[in-house]
Amino acid sequence: MADFFSDPKTAAQISFLLENIPFAIWETIYSTVIATVFAYLIGLPLGVILVTGAKDGIRPLPAPLMQALNVVVNLLRSVPFLILMVLVMPLSRIILGTTIGTPGILVPLTVAAFPFAARLVESSIREMDKGLIEAAQSMGCSTLQIVWKVMLPESLPSLLSGFLTAFITILGYGAMAGAIGGGGLGAMALMKGWALQQFLVIYGAVIVIVILVQIFQSAGSHLVNRMDRRTASGQKKGGKH
Amino acid sequence: MIELKNISKVFPTAEGELHALTDVTLTIGDGDVYGIVGMSGAGKSTLVRCINLLERPTSGQVLIDGADLCAMDQKALIAQRRSISMIFQQFNLLMQRTCLKNICFPMEIAKVKRADAEKRARELLDVVGLPDKADAYPAQLSGGQRQRIAIARALACDPRILLCDEATSALDPKTTRDILRLIKDINKRLGITVVVITHEMAVVEEICTHVAILDHGRVMETGTVEEVFSNPQTEAGRRLVYPDGVHIAQLPAAQVIRIAFNGGSSYEPLIASLAIDCGVKVNILGADTRNVNGQAFGTMLLGLPEDPPEAAKAVAYLKNQPNITMEEVRDYHG
(Lines give C-alpha, C1' and ligand atoms only; values in the text may rest on other atoms or scores of the structure.)
Protein backbone atom coordinates (compact mmCIF):
# COMPACT_ATOMS: atom_id res chain seq x y z
CA MET A 1 0.00 0.00 0.00
CA ALA A 2 2.78 2.34 0.84
CA ASP A 3 4.10 1.73 -2.68
CA PHE A 4 0.73 2.65 -4.12
CA PHE A 5 0.52 5.96 -2.33
CA SER A 6 4.15 6.89 -2.81
CA ASP A 7 3.94 5.98 -6.50
CA PRO A 8 4.32 9.22 -8.45
CA LYS A 9 1.70 7.91 -10.94
CA THR A 10 -0.86 7.85 -8.15
CA ALA A 11 -0.10 11.39 -7.17
CA ALA A 12 -0.37 12.45 -10.81
CA GLN A 13 -3.75 10.74 -11.17
CA ILE A 14 -5.09 12.33 -8.00
CA SER A 15 -4.00 15.77 -9.05
CA PHE A 16 -5.47 15.14 -12.51
CA LEU A 17 -8.79 14.21 -10.92
CA LEU A 18 -8.83 17.21 -8.63
CA GLU A 19 -8.04 19.49 -11.49
CA ASN A 20 -10.45 18.13 -14.06
CA ILE A 21 -13.40 16.71 -12.15
CA PRO A 22 -15.20 20.02 -11.48
CA PHE A 23 -15.34 20.85 -15.19
CA ALA A 24 -16.32 17.26 -16.08
CA ILE A 25 -19.17 17.41 -13.57
CA TRP A 26 -20.29 20.69 -15.08
CA GLU A 27 -20.17 19.27 -18.61
CA THR A 28 -22.15 16.20 -17.57
CA ILE A 29 -24.85 18.13 -15.75
CA TYR A 30 -25.10 20.77 -18.44
CA SER A 31 -25.40 18.30 -21.31
CA THR A 32 -27.84 16.12 -19.39
CA VAL A 33 -30.06 19.05 -18.41
CA ILE A 34 -30.12 20.51 -21.93
CA ALA A 35 -30.73 17.16 -23.59
CA THR A 36 -33.50 16.28 -21.11
CA VAL A 37 -35.18 19.65 -21.60
CA PHE A 38 -35.11 19.27 -25.38
CA ALA A 39 -36.21 15.64 -25.14
CA TYR A 40 -39.26 16.83 -23.17
CA LEU A 41 -39.93 19.75 -25.49
CA ILE A 42 -40.54 17.12 -28.14
CA GLY A 43 -41.54 14.18 -25.95
CA LEU A 44 -44.19 15.90 -23.83
CA PRO A 45 -46.43 17.04 -26.70
CA LEU A 46 -45.78 13.78 -28.49
CA GLY A 47 -46.75 11.77 -25.40
CA VAL A 48 -49.93 13.84 -25.02
CA ILE A 49 -50.82 13.24 -28.66
CA LEU A 50 -50.20 9.51 -28.26
CA VAL A 51 -52.95 9.54 -25.60
CA THR A 52 -55.42 12.11 -26.92
CA GLY A 53 -55.08 11.05 -30.56
CA ALA A 54 -55.63 7.35 -29.87
CA LYS A 55 -58.84 5.69 -31.00
CA ASP A 56 -60.36 6.00 -27.53
CA GLY A 57 -58.76 9.41 -26.86
CA ILE A 58 -60.49 12.76 -26.46
CA ARG A 59 -59.54 13.94 -29.96
CA PRO A 60 -58.88 10.86 -32.09
CA LEU A 61 -56.49 11.45 -34.97
CA PRO A 62 -56.43 9.48 -38.24
CA ALA A 63 -55.30 5.92 -37.50
CA PRO A 64 -52.46 5.93 -40.10
CA LEU A 65 -50.95 9.04 -38.48
CA MET A 66 -51.05 7.45 -35.05
CA GLN A 67 -49.50 4.28 -36.42
CA ALA A 68 -46.72 6.29 -38.04
CA LEU A 69 -46.01 8.09 -34.75
CA ASN A 70 -45.86 4.82 -32.89
CA VAL A 71 -43.52 3.30 -35.46
CA VAL A 72 -41.14 6.28 -35.25
CA VAL A 73 -41.11 6.14 -31.47
CA ASN A 74 -40.51 2.40 -31.40
CA LEU A 75 -37.87 2.56 -34.10
CA LEU A 76 -35.84 5.23 -32.36
CA ARG A 77 -36.14 3.39 -29.08
CA SER A 78 -34.93 0.13 -30.54
CA VAL A 79 -31.68 1.43 -32.07
CA PRO A 80 -28.82 1.00 -29.57
CA PHE A 81 -27.67 4.39 -28.35
CA LEU A 82 -24.05 4.15 -29.52
CA ILE A 83 -25.16 3.33 -33.06
CA LEU A 84 -27.87 5.99 -33.01
CA MET A 85 -25.27 8.53 -31.99
CA VAL A 86 -23.15 7.75 -35.02
CA LEU A 87 -26.18 7.80 -37.31
CA VAL A 88 -27.33 11.16 -35.97
CA MET A 89 -23.93 12.83 -36.47
CA PRO A 90 -24.86 14.43 -39.81
CA LEU A 91 -27.96 15.95 -38.20
CA SER A 92 -25.80 17.24 -35.38
CA ARG A 93 -23.48 18.89 -37.89
CA ILE A 94 -26.43 20.64 -39.54
CA ILE A 95 -27.98 21.85 -36.29
CA LEU A 96 -24.99 22.69 -34.10
CA GLY A 97 -22.12 22.64 -36.62
CA THR A 98 -20.11 20.07 -34.68
CA THR A 99 -20.13 16.40 -33.82
CA ILE A 100 -17.58 16.40 -31.01
CA GLY A 101 -17.30 17.62 -27.48
CA THR A 102 -20.25 18.35 -25.23
CA PRO A 103 -22.24 20.28 -27.88
CA GLY A 104 -21.67 17.37 -30.24
CA ILE A 105 -23.62 14.96 -28.08
CA LEU A 106 -26.64 17.18 -27.42
CA VAL A 107 -28.40 16.28 -30.66
CA PRO A 108 -27.83 12.52 -30.38
CA LEU A 109 -28.89 12.56 -26.73
CA THR A 110 -32.06 14.46 -27.55
CA VAL A 111 -32.90 12.21 -30.48
CA ALA A 112 -32.31 9.13 -28.36
CA ALA A 113 -34.26 10.43 -25.39
CA PHE A 114 -37.38 12.09 -26.79
CA PRO A 115 -39.15 8.86 -27.79
CA PHE A 116 -38.39 7.52 -24.32
CA ALA A 117 -39.77 10.72 -22.79
CA ALA A 118 -42.86 10.45 -24.98
CA ARG A 119 -43.57 6.93 -23.74
CA LEU A 120 -43.08 7.99 -20.12
CA VAL A 121 -45.49 10.90 -20.60
CA GLU A 122 -47.95 8.63 -22.35
CA SER A 123 -48.03 6.12 -19.52
CA SER A 124 -48.25 8.84 -16.86
CA ILE A 125 -51.31 10.36 -18.50
CA ARG A 126 -52.92 7.00 -19.21
CA GLU A 127 -52.86 6.01 -15.57
CA MET A 128 -55.00 9.05 -14.73
CA ASP A 129 -58.61 8.43 -13.72
CA LYS A 130 -60.79 8.63 -16.86
CA GLY A 131 -63.64 10.02 -14.77
CA LEU A 132 -61.78 13.31 -14.45
CA ILE A 133 -61.82 13.76 -18.21
CA GLU A 134 -65.50 12.98 -18.32
CA ALA A 135 -66.14 15.49 -15.55
CA ALA A 136 -64.12 18.12 -17.42
CA GLN A 137 -66.06 17.44 -20.61
CA SER A 138 -69.34 17.72 -18.75
CA MET A 139 -68.23 21.20 -17.62
CA GLY A 140 -67.65 22.27 -21.18
CA CYS A 141 -63.84 22.02 -21.38
CA SER A 142 -62.26 22.12 -24.80
CA THR A 143 -59.66 19.51 -25.75
CA LEU A 144 -56.85 21.96 -25.07
CA GLN A 145 -58.29 22.90 -21.69
CA ILE A 146 -58.55 19.24 -20.75
CA VAL A 147 -54.88 18.74 -21.61
CA TRP A 148 -53.66 21.90 -19.86
CA LYS A 149 -55.92 22.03 -16.88
CA VAL A 150 -56.71 18.40 -16.18
CA MET A 151 -54.37 15.88 -17.77
CA LEU A 152 -51.04 17.57 -17.13
CA PRO A 153 -51.68 18.98 -13.63
CA GLU A 154 -53.39 15.81 -12.41
CA SER A 155 -50.58 13.57 -13.61
CA LEU A 156 -47.87 15.99 -12.48
CA PRO A 157 -46.36 13.76 -9.77
CA SER A 158 -46.17 10.87 -12.19
CA LEU A 159 -44.81 13.12 -14.96
CA LEU A 160 -42.12 14.44 -12.64
CA SER A 161 -41.15 10.99 -11.60
CA GLY A 162 -40.88 10.04 -15.28
CA PHE A 163 -38.81 13.15 -15.90
CA LEU A 164 -36.44 12.02 -13.20
CA THR A 165 -36.12 8.58 -14.77
CA ALA A 166 -35.44 10.19 -18.14
CA PHE A 167 -32.88 12.55 -16.63
CA ILE A 168 -30.92 9.72 -15.06
CA THR A 169 -31.11 7.59 -18.19
CA ILE A 170 -29.83 10.52 -20.26
CA LEU A 171 -27.02 11.04 -17.76
CA GLY A 172 -26.03 7.42 -18.39
CA TYR A 173 -26.27 7.85 -22.17
CA GLY A 174 -24.12 10.96 -21.87
CA ALA A 175 -21.43 8.96 -20.13
CA MET A 176 -21.42 6.55 -23.07
CA ALA A 177 -20.99 9.44 -25.44
CA GLY A 178 -17.41 9.72 -24.23
CA ALA A 179 -16.68 6.82 -26.59
CA ILE A 180 -17.24 8.96 -29.67
CA GLY A 181 -15.70 12.18 -28.54
CA GLY A 182 -18.18 13.66 -26.10
CA GLY A 183 -17.16 15.40 -22.91
CA GLY A 184 -18.00 15.01 -19.25
CA LEU A 185 -17.43 12.36 -16.62
CA GLY A 186 -17.99 9.42 -18.96
CA ALA A 187 -15.40 10.70 -21.40
CA MET A 188 -12.99 11.23 -18.56
CA ALA A 189 -13.40 7.64 -17.34
CA LEU A 190 -13.04 6.22 -20.84
CA MET A 191 -10.41 8.45 -22.45
CA LYS A 192 -8.24 9.48 -19.53
CA GLY A 193 -8.91 6.48 -17.35
CA TRP A 194 -9.40 3.34 -19.40
CA ALA A 195 -7.37 4.30 -22.47
CA LEU A 196 -4.39 5.52 -20.42
CA GLN A 197 -4.69 2.76 -17.82
CA GLN A 198 -5.24 5.30 -15.03
CA PHE A 199 -7.56 3.26 -12.84
CA LEU A 200 -7.84 5.88 -10.15
CA VAL A 201 -9.29 8.23 -12.75
CA ILE A 202 -11.85 5.60 -13.80
CA TYR A 203 -12.92 4.97 -10.23
CA GLY A 204 -12.94 8.65 -9.40
CA ALA A 205 -15.17 9.50 -12.36
CA VAL A 206 -17.49 6.55 -11.75
CA ILE A 207 -17.88 7.35 -8.06
CA VAL A 208 -18.80 10.94 -8.92
CA ILE A 209 -21.41 9.71 -11.45
CA VAL A 210 -22.90 7.40 -8.83
CA ILE A 211 -23.05 10.23 -6.29
CA LEU A 212 -24.68 12.56 -8.85
CA VAL A 213 -27.35 9.97 -9.66
CA GLN A 214 -28.06 9.45 -5.97
CA ILE A 215 -28.41 13.16 -5.35
CA PHE A 216 -30.77 13.73 -8.27
CA GLN A 217 -32.81 10.65 -7.49
CA SER A 218 -33.39 11.47 -3.83
CA ALA A 219 -33.95 15.18 -4.38
CA GLY A 220 -36.35 14.33 -7.22
CA SER A 221 -38.25 11.70 -5.25
CA HIS A 222 -38.62 14.11 -2.39
CA LEU A 223 -40.04 16.73 -4.72
CA VAL A 224 -42.46 14.22 -6.26
CA ASN A 225 -43.74 13.23 -2.83
CA ARG A 226 -44.24 16.82 -1.85
CA MET A 227 -46.27 17.54 -4.96
CA ASP A 228 -48.44 14.45 -4.76
CA ARG A 229 -51.84 15.33 -3.31
CA ARG A 230 -53.53 12.15 -4.41
CA THR A 231 -53.37 10.31 -1.09
CA ALA A 232 -54.08 11.53 2.40
CA SER A 233 -50.71 10.19 3.55
CA GLY A 234 -48.99 12.23 0.86
CA GLN A 235 -50.41 15.32 2.55
CA LYS A 236 -48.55 14.69 5.75
CA LYS A 237 -45.29 14.24 3.91
CA GLY A 238 -46.02 17.44 2.01
CA GLY A 239 -46.55 19.08 5.36
CA LYS A 240 -48.13 22.20 3.96
CA HIS A 241 -51.59 21.70 5.39
CA MET B 1 -87.56 21.21 -20.05
CA ILE B 2 -85.59 18.21 -21.18
CA GLU B 3 -87.09 16.16 -23.97
CA LEU B 4 -85.51 12.94 -25.09
CA LYS B 5 -87.09 11.77 -28.31
CA ASN B 6 -86.64 8.26 -29.63
CA ILE B 7 -83.12 7.98 -28.32
CA SER B 8 -81.22 4.87 -29.37
CA LYS B 9 -77.61 4.11 -28.66
CA VAL B 10 -75.75 1.23 -30.25
CA PHE B 11 -72.20 0.32 -29.29
CA PRO B 12 -70.22 -1.72 -31.76
CA THR B 13 -68.47 -4.56 -29.93
CA ALA B 14 -66.40 -7.53 -30.94
CA GLU B 15 -69.47 -9.77 -30.55
CA GLY B 16 -71.67 -7.51 -32.66
CA GLU B 17 -73.84 -4.55 -31.85
CA LEU B 18 -74.82 -3.78 -28.30
CA HIS B 19 -78.13 -1.95 -28.03
CA ALA B 20 -77.63 0.10 -24.89
CA LEU B 21 -80.75 2.21 -25.44
CA THR B 22 -83.71 1.54 -27.67
CA ASP B 23 -86.23 4.18 -28.61
CA VAL B 24 -86.19 6.05 -25.31
CA THR B 25 -88.63 8.94 -25.06
CA LEU B 26 -88.84 10.95 -21.86
CA THR B 27 -89.96 14.43 -20.89
CA ILE B 28 -88.51 15.98 -17.78
CA GLY B 29 -90.22 19.14 -16.61
CA ASP B 30 -88.51 22.19 -15.12
CA GLY B 31 -87.98 21.82 -11.40
CA ASP B 32 -88.66 18.08 -11.39
CA VAL B 33 -86.52 15.66 -9.50
CA TYR B 34 -86.62 12.90 -12.02
CA GLY B 35 -85.40 9.43 -11.11
CA ILE B 36 -84.23 7.01 -13.75
CA VAL B 37 -84.05 3.59 -12.15
CA GLY B 38 -83.05 0.21 -13.39
CA MET B 39 -80.87 -2.73 -12.62
CA SER B 40 -77.21 -2.45 -13.48
CA GLY B 41 -76.73 -2.77 -17.19
CA ALA B 42 -80.17 -1.32 -17.94
CA GLY B 43 -78.61 1.63 -19.75
CA LYS B 44 -79.10 4.32 -17.09
CA SER B 45 -75.60 5.75 -17.26
CA THR B 46 -75.66 5.84 -21.04
CA LEU B 47 -79.04 7.57 -20.94
CA VAL B 48 -77.95 10.31 -18.54
CA ARG B 49 -74.83 10.89 -20.65
CA CYS B 50 -77.08 11.46 -23.65
CA ILE B 51 -78.59 14.46 -21.86
CA ASN B 52 -75.28 16.38 -22.01
CA LEU B 53 -74.04 14.46 -25.02
CA LEU B 54 -71.08 12.87 -23.28
CA GLU B 55 -72.55 9.99 -25.24
CA ARG B 56 -73.90 10.91 -28.63
CA PRO B 57 -77.10 8.99 -29.37
CA THR B 58 -76.99 6.80 -32.47
CA SER B 59 -80.40 8.21 -33.34
CA GLY B 60 -83.00 10.44 -31.77
CA GLN B 61 -83.13 13.97 -30.43
CA VAL B 62 -82.07 15.61 -27.21
CA LEU B 63 -83.97 18.84 -26.74
CA ILE B 64 -83.17 21.23 -23.91
CA ASP B 65 -85.85 23.93 -23.87
CA GLY B 66 -86.52 23.08 -27.48
CA ALA B 67 -82.90 23.35 -28.67
CA ASP B 68 -81.53 20.19 -30.25
CA LEU B 69 -78.13 19.38 -28.74
CA CYS B 70 -77.26 16.82 -31.42
CA ALA B 71 -77.51 19.52 -34.07
CA MET B 72 -75.17 21.92 -32.27
CA ASP B 73 -71.58 22.52 -33.25
CA GLN B 74 -68.83 21.93 -30.69
CA LYS B 75 -68.78 25.53 -29.52
CA ALA B 76 -72.51 25.79 -28.93
CA LEU B 77 -72.47 22.41 -27.22
CA ILE B 78 -69.70 23.49 -24.86
CA ALA B 79 -71.73 26.59 -23.96
CA GLN B 80 -74.84 24.48 -23.42
CA ARG B 81 -72.96 22.05 -21.18
CA ARG B 82 -72.22 24.86 -18.75
CA SER B 83 -75.90 24.96 -17.86
CA ILE B 84 -76.00 21.18 -17.34
CA SER B 85 -73.89 20.10 -14.39
CA MET B 86 -73.10 16.58 -13.44
CA ILE B 87 -72.02 14.76 -10.30
CA PHE B 88 -70.64 11.25 -10.28
CA GLN B 89 -70.45 8.12 -8.17
CA GLN B 90 -66.68 8.49 -7.86
CA PHE B 91 -66.91 12.29 -7.30
CA ASN B 92 -64.25 12.98 -9.97
CA LEU B 93 -62.60 15.83 -8.13
CA LEU B 94 -59.22 17.08 -9.27
CA MET B 95 -56.91 15.58 -6.68
CA GLN B 96 -54.08 18.05 -7.26
CA ARG B 97 -56.29 21.03 -6.51
CA THR B 98 -57.64 22.24 -3.20
CA CYS B 99 -61.39 22.15 -2.63
CA LEU B 100 -61.64 25.89 -3.32
CA LYS B 101 -59.75 25.48 -6.60
CA ASN B 102 -61.94 22.54 -7.53
CA ILE B 103 -65.04 24.66 -7.13
CA CYS B 104 -63.36 27.45 -9.10
CA PHE B 105 -62.53 25.08 -11.94
CA PRO B 106 -65.74 25.37 -14.01
CA MET B 107 -65.66 29.16 -13.54
CA GLU B 108 -62.05 29.21 -14.69
CA ILE B 109 -63.16 27.33 -17.81
CA ALA B 110 -65.96 29.84 -18.28
CA LYS B 111 -63.40 32.69 -17.94
CA VAL B 112 -64.87 34.13 -14.73
CA LYS B 113 -62.45 36.53 -13.02
CA ARG B 114 -60.38 34.80 -10.39
CA ALA B 115 -61.43 37.00 -7.47
CA ASP B 116 -65.11 36.65 -8.38
CA ALA B 117 -64.73 32.92 -8.77
CA GLU B 118 -63.11 32.54 -5.37
CA LYS B 119 -65.80 34.62 -3.73
CA ARG B 120 -68.49 32.49 -5.33
CA ALA B 121 -66.62 29.31 -4.39
CA ARG B 122 -66.57 30.33 -0.74
CA GLU B 123 -70.31 31.00 -0.84
CA LEU B 124 -70.82 27.54 -2.29
CA LEU B 125 -68.67 25.97 0.42
CA ASP B 126 -71.16 27.48 2.86
CA VAL B 127 -74.10 26.14 0.86
CA VAL B 128 -72.76 22.59 1.06
CA GLY B 129 -71.76 23.00 4.69
CA LEU B 130 -67.98 22.78 4.40
CA PRO B 131 -66.78 26.35 4.86
CA ASP B 132 -63.58 25.25 6.59
CA LYS B 133 -62.39 22.94 3.81
CA ALA B 134 -61.35 25.61 1.29
CA ASP B 135 -57.66 24.79 1.49
CA ALA B 136 -57.96 21.04 2.04
CA TYR B 137 -57.19 18.62 -0.75
CA PRO B 138 -59.88 16.09 -1.74
CA ALA B 139 -57.74 13.20 -0.49
CA GLN B 140 -58.11 14.58 3.03
CA LEU B 141 -61.92 14.42 2.90
CA SER B 142 -64.40 11.63 3.50
CA GLY B 143 -66.60 10.35 0.67
CA GLY B 144 -69.58 12.40 1.75
CA GLN B 145 -67.49 15.54 2.01
CA ARG B 146 -66.01 14.92 -1.43
CA GLN B 147 -69.49 14.62 -2.90
CA ARG B 148 -70.43 17.90 -1.22
CA ILE B 149 -67.46 19.58 -2.87
CA ALA B 150 -68.49 18.01 -6.17
CA ILE B 151 -72.00 19.42 -5.68
CA ALA B 152 -70.57 22.85 -4.93
CA ARG B 153 -68.50 22.59 -8.09
CA ALA B 154 -71.58 21.54 -10.04
CA LEU B 155 -73.45 24.63 -8.82
CA ALA B 156 -70.63 27.05 -9.62
CA CYS B 157 -71.88 28.16 -13.01
CA ASP B 158 -75.55 28.42 -12.01
CA PRO B 159 -76.75 25.39 -13.93
CA ARG B 160 -80.38 24.83 -14.75
CA ILE B 161 -80.00 21.06 -14.74
CA LEU B 162 -78.11 18.81 -12.35
CA LEU B 163 -77.41 15.25 -13.46
CA CYS B 164 -76.60 12.81 -10.67
CA ASP B 165 -75.03 9.58 -11.86
CA GLU B 166 -75.28 7.11 -8.97
CA ALA B 167 -74.14 10.03 -6.83
CA THR B 168 -74.75 8.26 -3.54
CA SER B 169 -73.90 4.69 -4.48
CA ALA B 170 -70.41 4.89 -2.99
CA LEU B 171 -71.65 6.33 0.29
CA ASP B 172 -72.94 4.80 3.51
CA PRO B 173 -76.69 5.04 4.28
CA LYS B 174 -76.48 8.02 6.60
CA THR B 175 -74.21 10.02 4.30
CA THR B 176 -76.50 9.05 1.43
CA ARG B 177 -79.47 10.59 3.24
CA ASP B 178 -77.52 13.76 3.99
CA ILE B 179 -76.43 14.15 0.39
CA LEU B 180 -79.94 13.46 -0.91
CA ARG B 181 -81.33 16.02 1.50
CA LEU B 182 -78.81 18.54 0.19
CA ILE B 183 -79.78 17.80 -3.41
CA LYS B 184 -83.46 18.12 -2.58
CA ASP B 185 -82.80 21.37 -0.80
CA ILE B 186 -80.91 22.72 -3.80
CA ASN B 187 -83.77 21.68 -6.07
CA LYS B 188 -86.28 23.50 -3.89
CA ARG B 189 -84.24 26.63 -3.26
CA LEU B 190 -82.71 27.17 -6.66
CA GLY B 191 -85.33 25.49 -8.80
CA ILE B 192 -82.74 23.39 -10.56
CA THR B 193 -84.07 20.41 -12.46
CA VAL B 194 -82.45 17.27 -11.09
CA VAL B 195 -82.05 13.98 -12.93
CA VAL B 196 -81.13 11.13 -10.62
CA ILE B 197 -79.70 7.91 -11.94
CA THR B 198 -79.82 5.10 -9.42
CA HIS B 199 -80.39 1.42 -8.87
CA GLU B 200 -81.71 2.06 -5.38
CA MET B 201 -85.43 2.59 -5.01
CA ALA B 202 -84.78 4.14 -1.60
CA VAL B 203 -83.06 7.06 -3.34
CA VAL B 204 -86.09 7.60 -5.58
CA GLU B 205 -88.41 7.45 -2.59
CA GLU B 206 -86.31 9.95 -0.71
CA ILE B 207 -86.13 12.74 -3.26
CA CYS B 208 -87.81 12.11 -6.60
CA THR B 209 -91.05 13.56 -7.86
CA HIS B 210 -91.10 11.52 -11.05
CA VAL B 211 -89.60 8.25 -12.06
CA ALA B 212 -88.86 6.28 -15.20
CA ILE B 213 -88.13 2.60 -15.06
CA LEU B 214 -85.50 1.46 -17.48
CA ASP B 215 -84.98 -2.16 -18.38
CA HIS B 216 -82.66 -3.51 -21.05
CA GLY B 217 -82.33 -0.09 -22.63
CA ARG B 218 -86.06 0.56 -22.85
CA VAL B 219 -88.33 2.75 -20.78
CA MET B 220 -90.90 0.40 -19.26
CA GLU B 221 -93.00 2.93 -17.44
CA THR B 222 -92.96 6.53 -16.30
CA GLY B 223 -95.03 8.59 -13.95
CA THR B 224 -95.03 10.32 -10.64
CA VAL B 225 -93.31 8.39 -7.88
CA GLU B 226 -96.71 7.94 -6.21
CA GLU B 227 -98.24 6.35 -9.31
CA VAL B 228 -95.39 4.02 -10.08
CA PHE B 229 -94.80 2.96 -6.50
CA SER B 230 -98.40 2.33 -5.61
CA ASN B 231 -99.15 0.39 -8.70
CA PRO B 232 -96.27 -0.62 -10.92
CA GLN B 233 -97.67 -1.58 -14.29
CA THR B 234 -94.87 -3.66 -15.64
CA GLU B 235 -92.88 -6.66 -14.57
CA ALA B 236 -89.68 -4.56 -14.52
CA GLY B 237 -91.45 -1.99 -12.34
CA ARG B 238 -92.67 -4.61 -9.88
CA ARG B 239 -89.23 -6.17 -9.73
CA LEU B 240 -87.74 -2.85 -8.70
CA VAL B 241 -90.49 -1.71 -6.37
CA TYR B 242 -90.77 -5.12 -4.67
CA PRO B 243 -87.30 -6.55 -5.08
CA ASP B 244 -87.94 -9.45 -2.72
CA GLY B 245 -91.00 -10.49 -4.64
CA VAL B 246 -94.24 -11.67 -3.16
CA HIS B 247 -94.47 -15.43 -3.32
CA ILE B 248 -98.14 -16.05 -2.89
CA ALA B 249 -97.88 -19.72 -3.73
CA GLN B 250 -96.21 -20.42 -0.41
CA LEU B 251 -98.85 -18.75 1.72
CA PRO B 252 -101.48 -20.84 3.53
CA ALA B 253 -105.01 -19.43 3.50
CA ALA B 254 -108.41 -20.08 2.03
CA GLN B 255 -108.88 -16.91 0.05
CA VAL B 256 -106.17 -14.42 -0.62
CA ILE B 257 -106.62 -10.80 -1.55
CA ARG B 258 -104.04 -8.20 -2.39
CA ILE B 259 -104.67 -4.67 -1.25
CA ALA B 260 -102.68 -1.76 -2.53
CA PHE B 261 -102.12 1.38 -0.53
CA ASN B 262 -102.31 4.42 -2.76
CA GLY B 263 -101.17 7.08 -0.42
CA GLY B 264 -103.29 7.34 2.70
CA SER B 265 -101.63 8.34 5.90
CA SER B 266 -98.83 5.86 6.35
CA TYR B 267 -99.48 4.01 9.53
CA GLU B 268 -103.20 3.97 9.85
CA PRO B 269 -103.79 0.68 11.57
CA LEU B 270 -106.00 -0.77 8.87
CA ILE B 271 -105.85 -4.38 9.98
CA ALA B 272 -106.56 -3.52 13.60
CA SER B 273 -109.56 -1.40 12.69
CA LEU B 274 -110.80 -4.21 10.46
CA ALA B 275 -110.77 -6.50 13.47
CA ILE B 276 -112.40 -3.95 15.77
CA ASP B 277 -114.98 -2.47 13.40
CA CYS B 278 -116.29 -5.71 11.91
CA GLY B 279 -114.79 -8.35 14.11
CA VAL B 280 -112.99 -10.12 11.31
CA LYS B 281 -109.54 -11.48 11.80
CA VAL B 282 -107.34 -11.65 8.73
CA ASN B 283 -103.87 -13.01 8.33
CA ILE B 284 -101.18 -10.78 6.93
CA LEU B 285 -99.45 -13.14 4.55
CA GLY B 286 -97.02 -10.70 3.16
CA ALA B 287 -96.51 -7.00 2.96
CA ASP B 288 -94.28 -4.57 1.23
CA THR B 289 -95.20 -1.07 2.12
CA ARG B 290 -93.19 2.06 2.11
CA ASN B 291 -93.50 5.60 3.20
CA VAL B 292 -93.17 8.17 0.45
CA ASN B 293 -93.41 11.78 1.55
CA GLY B 294 -95.50 10.75 4.55
CA GLN B 295 -97.93 8.63 2.56
CA ALA B 296 -98.30 4.88 2.47
CA PHE B 297 -97.59 2.99 -0.72
CA GLY B 298 -97.23 -0.68 -1.37
CA THR B 299 -99.18 -3.84 -1.16
CA MET B 300 -100.28 -6.26 1.45
CA LEU B 301 -101.45 -9.83 0.99
CA LEU B 302 -104.26 -10.82 3.29
CA GLY B 303 -105.56 -14.30 3.97
CA LEU B 304 -109.32 -14.07 4.61
CA PRO B 305 -111.19 -16.26 7.07
CA GLU B 306 -112.48 -19.64 5.81
CA ASP B 307 -116.06 -18.69 6.64
CA PRO B 308 -117.55 -17.03 3.49
CA PRO B 309 -119.80 -14.46 5.27
CA GLU B 310 -116.86 -13.36 7.40
CA ALA B 311 -114.68 -13.05 4.31
CA ALA B 312 -117.34 -11.05 2.50
CA LYS B 313 -117.58 -8.69 5.46
CA ALA B 314 -113.87 -8.05 5.35
CA VAL B 315 -113.97 -7.46 1.60
CA ALA B 316 -116.84 -5.02 1.94
CA TYR B 317 -115.03 -3.15 4.69
CA LEU B 318 -111.83 -2.88 2.72
CA LYS B 319 -113.68 -1.72 -0.39
CA ASN B 320 -114.98 1.25 1.55
CA GLN B 321 -111.58 2.44 2.66
CA PRO B 322 -110.18 5.45 0.87
CA ASN B 323 -106.80 5.15 -0.83
CA ILE B 324 -106.97 1.39 -1.02
CA THR B 325 -107.56 -0.78 -4.02
CA MET B 326 -108.23 -4.44 -3.64
CA GLU B 327 -108.07 -7.46 -5.82
CA GLU B 328 -108.52 -11.14 -5.30
CA VAL B 329 -105.48 -13.25 -5.90
CA ARG B 330 -106.81 -16.01 -8.08
CA ASP B 331 -103.59 -17.76 -8.94
CA TYR B 332 -103.22 -18.85 -5.37
CA HIS B 333 -102.42 -22.55 -5.08
CA GLY B 334 -102.53 -23.18 -1.34
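Note that the structure is predicted; figures quoted are calculated from it, not measured.
Rounded to the nearest 0.5 Å, atoms CE (B:Met95) and CZ (A:Arg229) are 12.0 Å apart. Taking CZ of B:Arg82 as the reference point, atom OG of A:Ser138 lies at 11.5 Å (rounded to 0.5 Å). Here CE of A:Met139 is found 8.0 Å from CD1 of B:Ile109. Values are rounded to the nearest 0.5 Å. Rounding to the nearest 0.5 angstrom, the gap separating the CG atom in B:Leu93 from the CG atom in A:Asp129 is 10.5 Å.
Atom CZ of A:Phe216 has more than 12 heavy atoms from other residues, nucleotides or ligands within 6.0 Å. Residue B:Met1 places its CE atom among 12 or fewer non-hydrogen atoms of other residues, nucleotides or ligands, all under 6.0 Å distant. A:Met66 CE: more than 12 foreign heavy atoms inside a 6.0 Å radius.
Of the atoms belonging to A:Glu154, heavy atoms from both backbone and side chain fall under 4.5 Å from chain B. With a threshold of 4.5 angstrom between heavy atoms, A:Lys149 approaches chain B through its backbone and through its side chain. Neither the backbone nor the side chain of B:Gln80 comes within contact range of chain A; no heavy atom of the residue lies under 4.5 Å from a heavy atom of that chain.
Between chain A and the options B:Leu141, B:Leu77, B:Asn52, B:Leu94, heavy-atom pairs under 4.5 Å are most frequent for B:Leu94. Chain A forms the most heavy-atom pairs under 4.5 Å with one residue out of B:Leu53, B:Asn92, B:Ile84, and that residue is B:Asn92.
A donor-acceptor pair under 3.5 Å is absent between the side-chain atoms of B:Gln96 and the main chain of A:Ser155, judged by distance alone.
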